[in-house]
Amino acid sequence: MASGHQIPMVDMGKLLSQHGATVTIVTTPLNALRLDPMVTAHSADSGLEIRLLPIRFPCAEAGLPEGCENLEVLPSRNLSRNFFDAVRMLQQPLEKILRDFQPPPTCIISDKHLPWTVQIASKLRIPRILFDGMSCFSFVCSRNIMMSKVYEQQSDLETFVVPGLPDQIELTRAQLPSPFNHGSVNLVDLREEIVEAEKASYGWLINSFEDLEKAYVQECRKTKGDKVWCVGPVSLCNEGDSDKAHRGNKSSINEGQCLKWLGSWPPSSVIYTCLGSLCCLTAPQLIELGSGLEATGRPFIWVIGKSGITSSDDDFQKWAIELEGRVQHRGLLIWGWAPQMLILSHPSVGGFLTHCGWNSTLEGICAGVPMVAWPLFSEQFYNERFIVKVLGIGASVGACAAIRWGEEGKAGVLVKREDVRKSAEEVMSGGRVSEEMRKKAMRLAEMAKRAIEGGSSYLEIKAFVEDVKQISNKLRQEVKDLEE
Ligand code: UDP
């Protein structure tokens, strides 16, 4: 339960309902409140069958503060174990709800962090479909690194080539996601369960599209067979400004004010900066970022996440107010949640400084905007290589190591203001390289749109719905035959 997983899940629900499925999104009460504007408006406008079903989250039983239903509001990373314990306690109530459900469910589409949905699906004799939120490229990188163990002979900062890929991709051990580099909280058992559940799943739904990463989709299918459906970019189901503005959380800025500010700048001139929903950089690192944006001399939006413990630091706040004074109208600081999709789709935005979360990456692609890539943790370094090396639509700030989520204080300053300024210039300068990136980004945006509007992703959603109908009929018949 975090925006990077919930938002695409709801978008996927919308797409499935457009293809005739009846969709129920099971979540907890506070998450249901956050997601309600995405779902209610959609079902009211379209008359489609999609709804939210909240079930109680056992905070107290797991030793969590009341209301702690989302990773973004977890007061400390040390409570992640409690958080996942509470998530596990949902197994029984969910099973009970699904047993009594009318009409009975035909399949469960499950986030990867709920591996126990395999058991529920098996008891109810329905297929469990995995949605893990990553690209095929990331999956193949992880798989090949894991199988070859290539990282084991390397020191933290030595580069190695990821074996068996169609592209030459170099990484260091320090940049790899947590299965290769454990943080202070040990979640090894959960990870093992996730891997087992992945194998036991009937198929995978992937938020990507064939033309974006054809060779990697094929590689994925080599592991999982033909039950891999690339149905994205799912965010493209949001067409109107209202759908684009209400995603995942309430905006901390008036949308009209934001659009007015954007409208005051020429096309492709603004740098939009947002490092996702989970990161909280230290005050010195944030100051380097802000100073880099200031040094570009270009208009910028900077989303400073409210959940960041250190961004609420008094000294930093004072510094940020001084920055606003210096840059005046040129800089728009958003303290909290930004209407990211709405901003990205505005013609004034010319570059996206992103942490390379997969949803943000796809949203940048859909907007046809080249990116300044600043990966932080998880599979974000894979996504950075994908943006810069495979697609050629971005420049890297040169982050050399992953920050462990919740351990940002230990990392120190990894990216300097000059790194930010230089990479932003590479993307925004309007020179040959930057224009080439922009053209490629715009071509990809058109391809993404085509994929959803009748192209490969449209056809794969259709095929998925048909497949689930068939398999659930078959499984039902088997149960009937056994009963007779
Ligand atoms: N998001 C947003 N406003 C914000 C921060 C994030 O709308 O201020 C959305 C963003 O558009 C994306 C999701 O939250 O859909 C973040 O997912 P991503 O995979 O990019 O990164 P994560 O937050 O999971 O690290």
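These numbers were taken from a predicted model, which means no experiment stands behind them. In each ligand, atom 1 is the first atom listed, and ligand 1 is the first ligand listed.
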Is [X] in contact with ligand 1, taking contact as a heavy-atom separation below 4.0 Å?
X: Met341; answer: no
X: Cys274; answer: yes
X: His355; answer: yes

Given Ala338, Gly364, Gly248, which has its nearest heavy atom closest to atom 8 (O) of ligand 1?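 Nearest option to atom 8 (O) of ligand 1, by heavy atoms: Ala338.
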Which atom pair, heavy atoms only, marks the closest approach of Gly336 to Val303?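 Answer, listing the atom of Gly336 first, then Val303: O-CG1, 3.4 Å.
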Roughly how far, to the nearest 0.5 Å, is SG of Cys356 from CE of Met371?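 The CE atom of Met371 sits 8.0 Å away from the SG atom of Cys356.
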Could you label the plane-to-plane angle of the Phe57 and Phe83 rings as parallel, tilted or perpendicular, counting under 30° as parallel and over 60° as perpendicular?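 Ring orientation of Phe57 relative to Phe83: tilted.
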Considering heavy atoms of the protein only, find what lies nearest to [atom] and give residue, atom and distance to 0.1 Å.
atom: atom 6 (C) of ligand 1; value: Trp337 CH2, 3.4 Å
atom: atom 24 (O) of ligand 1; value: Gly4 CA, 3.3 Å
atom: atom 13 (C) of ligand 1; value: Ile7 CD1, 3.9 Å

Under 6.0 Å between ring centres: does that hold for Tyr382 and Phe139?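 Ring centroids of Tyr382 and Phe139 are no less than 6.0 Å from each other.
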Run the ring-centre check on His355 versus Phe377 and record whether the distance is less than 6.0 Å.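 No, ring centres 6.0 Å or more apart.
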Using a heavy-atom cut-off of under 4.0 Å, does the side chain or the backbone of Pro339 touch ligand 1, or both, or neither?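 Within the 4.0 Å criterion, Pro339 makes no contact with ligand 1.
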Please state which part of His5 comes within less than 4.0 Å of ligand 1, counting heavy atoms only: side chain, backbone, both or neither.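 None of His5 does.
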